[in-house]
Amino acid sequence: MVPGEENQLVPKEDVFWRCRQNIFDEMKKKFLQIENAAEEPRVLCIIQDTTNSKTVSERITLNLPASTPVRKLFEDVANKVGYINGTFDLTRGNGVNTADMAPLDHTSDKSLLDANFEPGKKNFLHLTDKDGEPPQMLLEDSNNVDDSVHDRFIGPLPREGSVASTNDYVSQNYSYSSILNKSETGYVGLVNQAMTCYLNSLLQTLFMTPEFRNALYKWEFEDSEEDPVTSIPYQLQRLFVLLQTSKKRAIETTDVTRSFGWDSSEAWQQHDVQELCRVMFDALEQKWKQTEQADLINELYQGKLKDYVRCLECGYEGWRIDTYLDIPLVIRPYGSSQAFASVEEALHAFIQPEILDGPNQYFCERCKKKCDARKGLRFLHFPYLLTLQLKRFDFDYTTMHRIKLNDRMSFPEELDMSTFIDIEDEKSPQTESCTDSGAENEGSCHSDQMSNDFSTDDAVDEGICLESNSGSEKISKPGLEKNSLMYELFSVMVHSGSAAGGHYYACIKSFSDDQWYSFNDQHVSRITQEDIKKTHGGSSGSRGYYSSAFASSTNAYMLIYRLKDPTRNAKFLEVDEYPEHIKNLVQKERELEEQEKRQREIERNTCKIKLFCLHPVKQVMMENKLEVHKDKTLKEAVEMAYKMMDLEDVIPLDCCRLVKYDEFHDYLERSYEGEEDTPMGLLLGGVKSTYMFDLLLETRKPDQIFQSYKPGEVMVKVHVVDLKAETVAAPVTVRAYLNQTVTEFKQLISKATHLPADSMRIVLERCYNDLRLLSMPSKTLKAEGFFRSNKVFVESSETVDHQAAFTDSHLWKLLDRHANTIRLFVLLPEQSPGSYSKRTAYQKAGGDSGNVDDDCERVKGPAGNLKSVDAILEESTEKLKSLSLQQQQQDGDNGDSSKSTETSDFENIESPLNERGSSTSVDNRELEQHIQTSDPENFQSEERSDSDVNNDRSTSSVDSDILSSSHSSDTLCNADSAQIPLANGLDSHSITSSRRTKANEGKKETWDTAEEDSGTDSEYDESGKSRGDMQYMYFKADPYTADEGSGEGHKWLMVHVDKRITLAAFKQHLEPFVGVLSSHFKVFRVYTSNQEFETVRLNETLSSFSDDNKITIRLGRALKKGEYRVKVCQLLVNEQEPCKFLLDAVFAKGMTVRQSKEELIPQLREQCGLDLSIDRFRLRKKTWKNPGTVFLDYHIYEEDINISSNWEVFLEVLDGVEKMKSMSQLAILTRRWRPAEMKLDPFQELVLESNSVDELREKLSEISGIPLEDIEFAKGRGTFPCDISVLDIHQDLDWNPKVSTLNVWPLYICDDGAVIFYRDRTEEVMELTDEQRNELMKKESSRLQKTGHRVTYSPRKEKALKIYLDGAPNKDVAQD
């Protein structure tokens, strides 16, 4: 047949070329549009959403062509922010104030250019509420527009920036305004507290169940019987009433969870929705006892089934009747790689009997022997509301982790349960069945035991109970029974996520309109049957073993069906059908909601701004938050602030006013004269979530007048300096303009300070210690570097100091001192070792120190202060005399003591008053000689890293007694606020707490190489001159009396000192107050936490200190050159705590290990009670807690052994003769593991002559008796003692490494102290019962936690879901 002209076929080639040409045309058109758009000017729009405090700080940016219509701008903004177009306004503004701007028309077709938008510039827009109503979210509206769109998102909503149930699901970041308006669906959502999505899903399902809701409404709460807060039924009743009548989009569930006895932490616990359903039903049954609703749960949700075993030989059957509230259905049978395809298939598998044969045979009571039997379940009664749980959570025994099965399992909208009644694979004459007679739940029967109580037809008595108006009776006709077992699906609770956690939401069908809805926390939307099918799970491919891994994680978890029975199917009660108590509850909740709405409206119109006030009496800056309605006037706001700051009894109200204030710069921006009746909303620029400024409640004296502050002015704090008295006065505030000249500024200051302007010098402090003399009269303040808030010093004396260069002038030195002087509180030791006469002797022989008078001159304190210094010294004298007598008596009672070398017992500082006998150590006699001769070249500074004073045990027994009462870390009170004259009258305003930056270090001397190598700083230079005196720094000390609770009874000094002074010079200044040379006491800095750390770097300045820091002085001699302080710890290899601190010792460069051991012996005996001979202990390297190299007696410090400051060594007591003789040997700690006994033997040390593995095996075989070929070993891991659980050691360590030497991978044993575990490979591991394993696990957990080692095998304890009927959880720890 030849085709006609009309329908002639087009060749395939022509179709191809036509399509290609069309594509090219479209692309060309697009390119032209892009080219035109590129040439067109664009408008940059920056939109700020001011409808909510959480979004006000965010900005939305759109870069649009200038021809874009205004309505298109609204559409783009709506899509960006997720609002419905037309429910919000856009207002032009400058980014700050929009009060006077009219909103744009969202329907206008005007272009942005015609609407006065400026191309190429930033155009600020504010998104605001429309007609006082907040914007509506886009979600529900988009779902309602077209129900035919099935590819929209129905599962858990994509949510941003809020707390999630788990890491698999991110919760919705909803604004408060988003929960104000009810959803278009007419239903109300529930707010997710944090991880309570499982609770929300169940509550919405119960609410949408007419029978449950109506029965709950019929229950009446009695105030006299129970607290409403803890009543679960009452709080559910309130929640249901709010869900039915509230106008909000979503409501809170906190009242319900509070009635459960939960606190806020429970909201962060995720639980299973099926578990919650069971627990909550149990709680309701308990609460409803003795009420009409006592059996409500059973009537609605409870079914019955028979658990039976039937003998296949004689037909004898044993059975038990069980009740159930839900039916758990397996997704995938155990051991199978294929899941059940549908709920019906899983139900058939649920009641499919199994055959008991072989070793599982059943003992038949009739046959009196084991026989093959059939075991299974039969449904006897289905509930009115049928709950099916799809068991999607399983345990993978391969990975030993919980998993979620995402396989597809379909479920019908209507489920016929009649097919699951009376299912048997075979019928025989010997097989009989017995049902529950109603009198008992267990029994047995056979053919000889049949009676009239049992029906011969299983289907008759196994039907569902249907209630009529006259009562409850069973339907006995099989035909009617089967027709009555048709169920309709109305709720699908969906889980999205993994076994570790996820998100729940519910898909529920309303019985009012047969429409499906998605209840996803606070969001409710319409969905379709297609959306329900998406929750079946699985993927589109075949259901293979790995299909679950690639399937969607969003699938049904619980299904609830309702029996289709017109006689029982109820409808929801309408508002006019409510019981009287429910009507009252509705009215009460409406009133509360209206009150909340009014309060919310007030909140939306309330300005919240920071408020400051300098208390006129206490002179303390107070801070608060002023919340004032936008319509309140300034006068009313002042009265509110006045009462808020508690000034009623301090000053009159008319002496206060509010001014605009910048707290960061301490700047008064403007005052509001003549605007007392102006609304605060207008003054503050509208209601905002945050303001860029603050308010200050300014006060004045009754005889003063307020100064006017105008915008654009700068504030200047003027300090008047008196060169003659060397004082800096408190600041006087003046205001100036940046365009004023220096000359004009001088005239302004002259009026404020009454100083002559002609001779005035003005110094600007631009930043810390940056002083600049304003010497150019015609220069403006802006050019000189003035800003909003400034600080200047003025001086107007006619002296020659004007002629000197500024940096050489007296004024500069005074200001420099003023900027760097800090105030410190120094706690002196109660008793100092030495009498007044001896102290005077050392001062005279101390080079620069001189006597007390000379020292006071060096300090440059005024003459009036000499008396106070003498008083301190005299007070110390009496205490020192008594101390000397006590020490003399103690020395007489002590008897002979062992001699030590020159560097031993370095902390024993004894009184030099008495002639010491043979019991006095060489070091003590040397110290007495030092105090008497005071040769400064023999003193070297002490260096030690800062260490916690709580762990400091560097003092000897005598020194510890001296210092026992000197510890004080109580907080000092504030010093007197009056002016304190400093050097020649410098007042207390020179102590400026606001300066925290580092001071000018000044000149520093270069230490000699030997001192650097030795790690110590010297207080003296090569000429013997004290380094502290090489550059003069200000220092002044006065006695200070601490308040009660701040160390009263101790001697305190209040020290004003230049913080550029070095610690060495600072200590020398303190010598006359402490009573000993600076090299014989230590300085501890006290921090706010009352912890004390020693400050030892003598060449560093006090720049890290700040005003009112506290310092504690403690006695103790510093290290000499070449000496090092060493912490000695005892190594106890078989103790629970293997490292025990013993004492601090001093090792010197060039000393042998044996010499250091000799010096340690008397100290160990006196301080630690260890009586050791020199060959009964060894010293070895300590690295953290790990024992290292063994030090041999002939080793020399700094030659064979590297030593440094704050060094640590182990002292190890030996059981016998020292085996380590040379450095070629290797000392290893070994420990036997006994698998058959599940225990570890104590440590034993092996000394190897080489690093050979064969030698190690031979030595292990020798000490253990294990044959050489059966030895297996492994290196311990971690910090000594390398603890590991006996449950893990057998498989976790790398046993029997294939190496021939110890110094290669994976052993890397190159030094002493390595830990080796070994075992007999023929020894089997003990088999443990579950009880034994659990008991051993507890013991090991306790042991490893005490030693600080991590327990790797202990699983995370999950918190059980509990509802507390008394409204409060039981605090008994044993229940957890």
Side-chain angles (χ1 to χ4, degrees), residues 48 50-54 56-57 89 91 93-103 126 128-134 176-177 180 593-616 621-663 667-700 705-711:
Q48 178 185 14
T50 62
T51 60
N52 183 264
S53 61
K54 296 182 180 178
V56 72
S57 60
D89 282 333
T91 307
N94 57 359
V96 179
N97 189 0
T98 63
D100 300 329
M101 300 299 295
H126 290 265
T128 60
D129 298 340
K130 188 176 182 65
D131 300 327
E133 294 293 331
Y176 196 73
S177 62
L180 298 182
E593 190 167 310
E594 287 298 322
Q595 182 180 351
E596 181 184 350
K597 186 177 181 180
R598 288 193 297 270
Q599 184 62 35
R600 194 164 56 244
E601 187 64 26
I602 294 174
E603 287 288 327
R604 289 169 58 84
N605 292 290
T606 300
C607 303
K608 299 178 181 179
I609 189 168
K610 274 187 180 182
L611 175 67
F612 295 89
C613 177
L614 182 65
H615 197 281
M621 183 65 81
M622 301 181 293
E623 179 181 349
N624 212 321
K625 193 167 191 178
L626 178 63
E627 298 184 3
V628 57
H629 195 275
K630 66 177 184 179
D631 296 331
K632 293 279 187 183
T633 63
L634 176 61
K635 184 177 180 180
E636 293 172 316
V638 171
E639 187 174 353
M640 292 174 59
Y642 176 73
K643 294 178 180 178
M644 186 181 295
M645 292 300 182
D646 295 326
L647 300 179
E648 290 95 331
D649 300 329
V650 182
I651 57 173
L653 176 61
D654 57 4
C655 292
C656 302
R657 70 170 180 176
L658 286 174
V659 296
K660 194 175 181 181
Y661 176 61
D662 180 0
E663 185 234 352
Y667 170 61
L668 298 173
E669 294 193 19
R670 62 158 297 185
S671 54
Y672 301 103
E673 287 84 4
E675 300 188 63
E676 288 77 9
D677 297 326
T678 306
M680 290 298 293
L682 189 58
L683 284 179
L684 300 179
V687 180
K688 300 179 182 179
S689 59
T690 57
Y691 290 91
M692 300 301 293
F693 56 90
D694 314 301
L695 291 179
L696 175 73
L697 184 63
E698 191 179 19
T699 62
R700 64 175 175 84
I705 59 173
F706 282 121
Q707 184 179 351
S708 176
Y709 307 141
K710 298 178 182 179

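All values below come from the heavy atoms of this structure, side chains included, with hydrogens, waters and symmetry mates left out.
- Nearest heavy atom pair, residue Y642 against residue L653, reads CG-CD1, 3.5 Å.
- When all heavy atoms of T699 and C656 are compared, the closest pair comes out as CG2-SG, 4.0 Å.
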Query raised in the report: When you look at R670 and F693, which way does the side chain to side chain contact (heavy atoms under 4.5 Å, CB included) test go after all the steps?
Result: CA-CA 11 Å; R670 62 158 297 185; F693 56 90; over 6 Å; no
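- Side chain of S671 to main chain of S708: no donor-acceptor pair is present (N/O by atom type, distance under 3.5 Å, no hydrogens or angles).
- The residues R600 and E596 are annotated as salt-bridged, a charged nitrogen and a carboxylate oxygen being separated by less than 4.0 angstrom.
- For M622, the side chain to side chain contact (heavy atoms under 4.5 Å, CB included) partners two or more places apart in sequence, or in a different chain, are C613, H615, M645, L647.
- Contact detail for D654 and R700: the closest heavy-atom pair is O-NH2, 3.2 Å.
- D646 and V650 get closest at one heavy-atom pair: O-CG2, 4.1 Å.
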Query - CA sep, side-chain torsions, deciding dist, call: L658, L696, side chain to side chain contact (heavy atoms under 4.5 Å, CB included) - result: CA-CA 6 Å; L658 286 174; L696 175 73; over 6 Å; no
Query raised in the report: For Y691 and L684, what are the C-alpha separation, side-chain angles and deciding distance, and is it a side chain to side chain contact (heavy atoms under 4.5 Å, CB included)?
Result: CA-CA 8 Å; Y691 290 91; L684 300 179; 3.8 Å; yes
Query - Audit row: M680, H629, side chain to side chain contact (heavy atoms under 4.5 Å, CB included) steps and yes/no - result: CA-CA 7 Å; M680 290 298 293; H629 195 275; over 6 Å; no
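- One finds no salt bridge joining K710 and E673 here, because no Lys/Arg side-chain nitrogen approaches an Asp/Glu carboxylate oxygen to under 4.0 Å.
- Side-chain contact check for K660 versus Y672: some heavy-atom pair is nearer than 4.5 Å.
- The stretch residues 622-637 participates, sequence neighbours left out, in these salt bridge (charged side-chain N to carboxylate O under 4.0 Å, His left out) pairs: K610-E623.
- Nearest approach of G686 to C607, heavy atoms of both residues: O-SG, 4.2 Å.
- Across L626, V628, L683, a single residue satisfies side-chain contact (heavy atoms from CB on, under 4.5 Å) together with L695, and that is L626.
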